[in-house]
**Q** 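For reference, the structure I am asking about is given below.
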Amino acid sequence: MGTSTVTGRTRSVWALFAGVALLNTATVGLGTAATLIVAAGSGAVWSGLPSVANVLGTAAGALGAGTLLPRHGRRRVLTVGYGVAAAGALVAFAGALATSVVPLLLGILLVGLGNGGAQLSRYLAADLYPEDQRGRALSTVVWGGTIGALAGPALMAPAAGVAAGFGRPSLSGPVAVAVLATAGAALAAAFLPRHVPPPREPVVTARGPVRPAGVARPLVAMVAAQLTMGAVMTMTPLQLQAHGHGLGVVGWVLSAHLFGMFALAPVSGRIADRWGPRVAINAGLGVLALATATALAAPTAHTSGLPIALFLLGYGWNLVFVGGSAQLSRDLAPETRSRVQGTVDAVVWSASALAGLGSGALFAGGGYALVAVVGGVLALLPLAFSVARDGG
């Protein structure tokens with residue numbers, strides 16, 4: 001392997017890592033602030049709308065990026081996508097200043113378009129490495145979300161304080177952070193090398209361009225994990241706020257969740273490489289079920305039960321996400337890989353829009369406990385699907 005190839009891989013992975021880290025920082029603060037703004041102005045039943053706008057934008061962005069990547073390359077597609085996200089963050093900031101829901105949601109939708117490209121970055125990293133190293137490669141980029149997990153919630157209260165000091169609505173502060181972060185992501189994408197030679201692909205014989213069984217299992221698991229996580233996570237800030245806690249406590253609990261989502265991604269990658277993607281997926285579904293049970297048992301324990309539940313919720317999602325992504329990186333032919341991966345991500349994020357919208361209605365109708373119960377059921381369904389397939 002030439003030195004230039006190694007250098008190109010390293011530079012590519014770090015640029016992809018930076019883009020994911022900055023986009024995650026932006027979406028964490030923006031999403032939380034928008035949820036609280038909508039809840040205050042329109043009521044809890046509509047508080048899932050920012051999450052819906054984010055996931056619909058992300059779905060469209062993933063589908064579009066997956067289609068454009070083979071033709072235009074990672075550098076151009078990600079730079080344009082992150083530029084759209086930066087423009088969306090500016091629109092959302094204007095909405096936050098005016099406490100107007102429509103521009104806020106439009107801005108979040110545009111940020112989601114850029115986030116769709118960020119989600120596919122894990123596959124772009126995996127494609128640079130041989131098959132037996134792809135779990136670790138893609139998990140390195142997923143791990144970039146750790147920065148957002150720490151920085152996003154930690155910056156919320158200080159940013160709100162700065163905005164209030166300038167006489168602006170306090171929740172516009174975290175949205176301003178999103179503007180800076182998305183602009184930084186666009187700059188990081190511009191540093192991607194124009195071309196890095198891919199590893200040698202094994203010869204594909206006696207199979208079509210896509211093996212349906214290789215897509216169905218990770219797709220079902222990733223949809224269920226996204227639904228479970230999205231429903232519980234989206235309603236946790238409102239649960240905390242309903243019990244008198246401010247942004248500091250909300251940030252702390254979300255930090256535990258986001259740490260679980262991203263910090264242990266390299267561990268998930270090693271599990272997928274060593275024992276196979278299916279083991280990682282099934283372990284993740286079990287952890288998600290445990291997370292919802294913990295949230296149900298301790299819905300008001302903001303210093304113990306809820307942080308543990310949210311951490312488990314994040315890591316269960318991570319195991320499913322990395323395991324499913326590793327399987328898709330291995331089981332798809334090179335000529336169709338980006339398109340199918342983008343389509344799968346679009347389906348996953350479109351489905352999770354139901355979690356964002358439905359979680360608000362569940363919370364309004366039955367409280368946090370109902371959200372946790374429904375989330376737990378959704379996490380267990382793919383295990384039954386897997387057992388039925390294997391038994392047949």
**Q** Output, in order, the C-alpha distance, side-chain angles, deciding distance and verdict of salt bridge (Lys or Arg N to Asp or Glu O under 4.0 Å) for Asp345 and Arg122.
**A** CA-CA 12 Å; Asp345 270 22; Arg122 68 193 190 276; 2.9 Å; yes
**Q** So which heavy atom on Ala379 is nearest to which on Leu285, and how close?
**A**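 In this case the closest contact between Ala379 and Leu285 is O-CD2, 3.5 Å.
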**Q** Look only at the side chain of Asn54 and the backbone of Leu109, and say whether a donor-acceptor pair between them is shorter than 3.5 Å.
**A**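 Not at all, since once roles are kept as given, no pair shorter than 3.5 Å links the two residues.
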**Q** If I take atom CG from residue Leu30 and atom CD1 from residue Ile37, how far apart are they, to the nearest 0.5 angstrom?
**A**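 Answer for the CG-CD1 pair, Leu30 versus Ile37, is 8.5 Å.
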**Q** Quick one, His257 with Phe311, criterion side-chain contact (heavy atoms from CB on, under 4.5 Å). Give me CA distance, side-chain angles, the key distance, then yes/no.
**A** CA-CA 4 Å; His257 170 64; Phe311 169 80; over 6 Å; no
**Q** Where the side chain of Arg339 meets the backbone of Gly66, is there a donor-acceptor pair that is under 3.5 Å apart?
**A** no
**Q** Please check: side-chain N/O of Thr27 versus main-chain N/O of Leu23, any donor-acceptor pairing under 3.5 Å?
**A** yes
**Q** Does the side-chain contact (heavy atoms from CB on, under 4.5 Å) test come out yes or no for Leu16 and Leu192, once each step is laid out?
**A** CA-CA 8 Å; Leu16 294 169; Leu192 280 165; 4.1 Å; yes
**Q** Taking atom CZ of Arg168 as the centre, does the number of heavy atoms from other residues, nucleotides or ligands within less than 6.0 Å exceed 12?
**A**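 12 or below, so no.
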**Q** Please give me the minimum heavy-atom distance between Thr236 and Val232, naming the atom from each residue.
**A**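 Looking at all heavy atoms of both residues, the closest pair is OG1-O, 2.7 Å.
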**Q** Donor-acceptor pair, Trp143 side chain versus Ala263 backbone, under 3.5 Å?
**A**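 Yes, Trp143 side chain to Ala263 backbone: donor-acceptor pair under 3.5 Å.
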**Q** Between Arg134 (side chain) and Tyr129 (backbone), is there a donor-acceptor pair under 3.5 Å?
**A**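 Such a contact is found between Arg134 side chain and Tyr129 backbone.
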**Q** So Trp317 and Gln226, do their side chains get closer than 4.5 Å, heavy atoms only?
**A**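 In short, these two side chains touch, coming nearer than 4.5 Å.
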**Q** Walk me through whether Leu362 and Val374 qualify under side-chain contact (heavy atoms from CB on, under 4.5 Å).
**A** CA-CA 9 Å; Leu362 289 173; Val374 173; 4.1 Å; yes
**Q** Search all heavy atoms of Val253 against all heavy atoms of Leu310 and return the closest pair with its distance.
**A**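 Minimum heavy-atom contact is CG1-CG, 4.0 Å.
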**Q** Out of Asn318, Leu288, Leu290, Ile308, which residue meets the side-chain contact (heavy atoms from CB on, under 4.5 Å) rule with Leu313?
**A** Leu288
**Q** Could you give the distance from OG (Ser268) to CZ (Phe321), rounded to the nearest 0.5 Å?
**A** 11.0 Å
**Q** Do Arg270 and Ser139 pass the side-chain contact (heavy atoms from CB on, under 4.5 Å) test, and can you show the C-alpha distance, the side-chain angles, and the key distance before you say yes or no?
**A** CA-CA 9 Å; Arg270 289 185 177 275; Ser139 68; over 6 Å; no
**Q** How long is the straight-line distance from CG of Leu219 back to OG1 of Thr343, given to the nearest 0.5 Å?
**A**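 One gets 10.0 Å once the value is rounded to the nearest 0.5 Å.
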**Q** Is there a donor-acceptor pair closer than 3.5 Å between any side-chain N or O of Thr294 and the backbone N or O of Ala309?
**A** no
**Q** Donor-acceptor check, side chain of Ser121 to backbone of Gly117, threshold 3.5 angstrom: yes or no?
**A**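 At least one qualifying donor-acceptor pair exists.
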**Q** Any side-chain to backbone donor/acceptor pair from Thr79 onto Arg76? Under 3.5 Å, distance only.
**A**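 Side chain of Thr79 to backbone of Arg76, a donor-acceptor pair under 3.5 Å: no, none is there.
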**Q** Is the backbone of Ala231 close enough, under 3.5 Å, to the side chain of Thr234 for a donor and an acceptor to pair up by distance?
**A** no
**Q** When you group the ILVMFWY residues by side-chain heavy-atom contacts below 4.5 Å and let the links chain together, are Leu381 and Val344 in the same group?
**A** yes
**Q** Are Leu113 and Leu110 packed together at the side-chain level, in the sense that at least one heavy-atom pair is separated by less than 4.5 angstrom?
**A** yes
**Q** Please name the pair of heavy atoms, one in Leu380 and one in Ala289, separated by the smallest distance, quoted to 0.1 Å.
**A**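 Closest approach of Leu380 to Ala289, heavy atoms only: CD2-CB, 3.8 Å.
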**Q** How many angstroms lie between OG1 in Thr25 and CD1 in Ile147, if you round to the nearest 0.5 Å?
**A**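 So the gap between those two atoms works out to 7.0 Å.
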**Q** So which atom in Ala92 and which in Val175 form the shortest heavy-atom distance, rounded to 0.1 Å?
**A** C-CG1, 3.7 Å
**Q** Counting distance only, does the side-chain N/O of Thr140 pair as donor-acceptor with the main-chain N or O of Arg136 below 3.5 Å?
**A**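 Side chain of Thr140 to backbone of Arg136: a pair is present.
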**Q** Considering all heavy atoms of both residues, which atom of Ser338 and which atom of Pro70 are nearest to each other, and what is their separation?
**A**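 Minimum heavy-atom contact is CB-CG, 3.9 Å.
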**Q** Return the OG to CG distance between Ser12 and Asp127, rounded to the nearest 0.5 Å.
**A** 11.5 Å
**Q** In Å and rounded to the nearest 0.5 Å, what is the CD to CG distance from Gln341 to Leu69?
**A**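 Rounded to the nearest 0.5 Å, the CD-CG separation comes out at 9.5 Å.
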**Q** Taking the inter-plane angle between the rings of Tyr368 and Phe363 on a 0 to 90° scale, is it parallel (under 30°), tilted (30 to 60°) or perpendicular (over 60°)?
**A** perpendicular
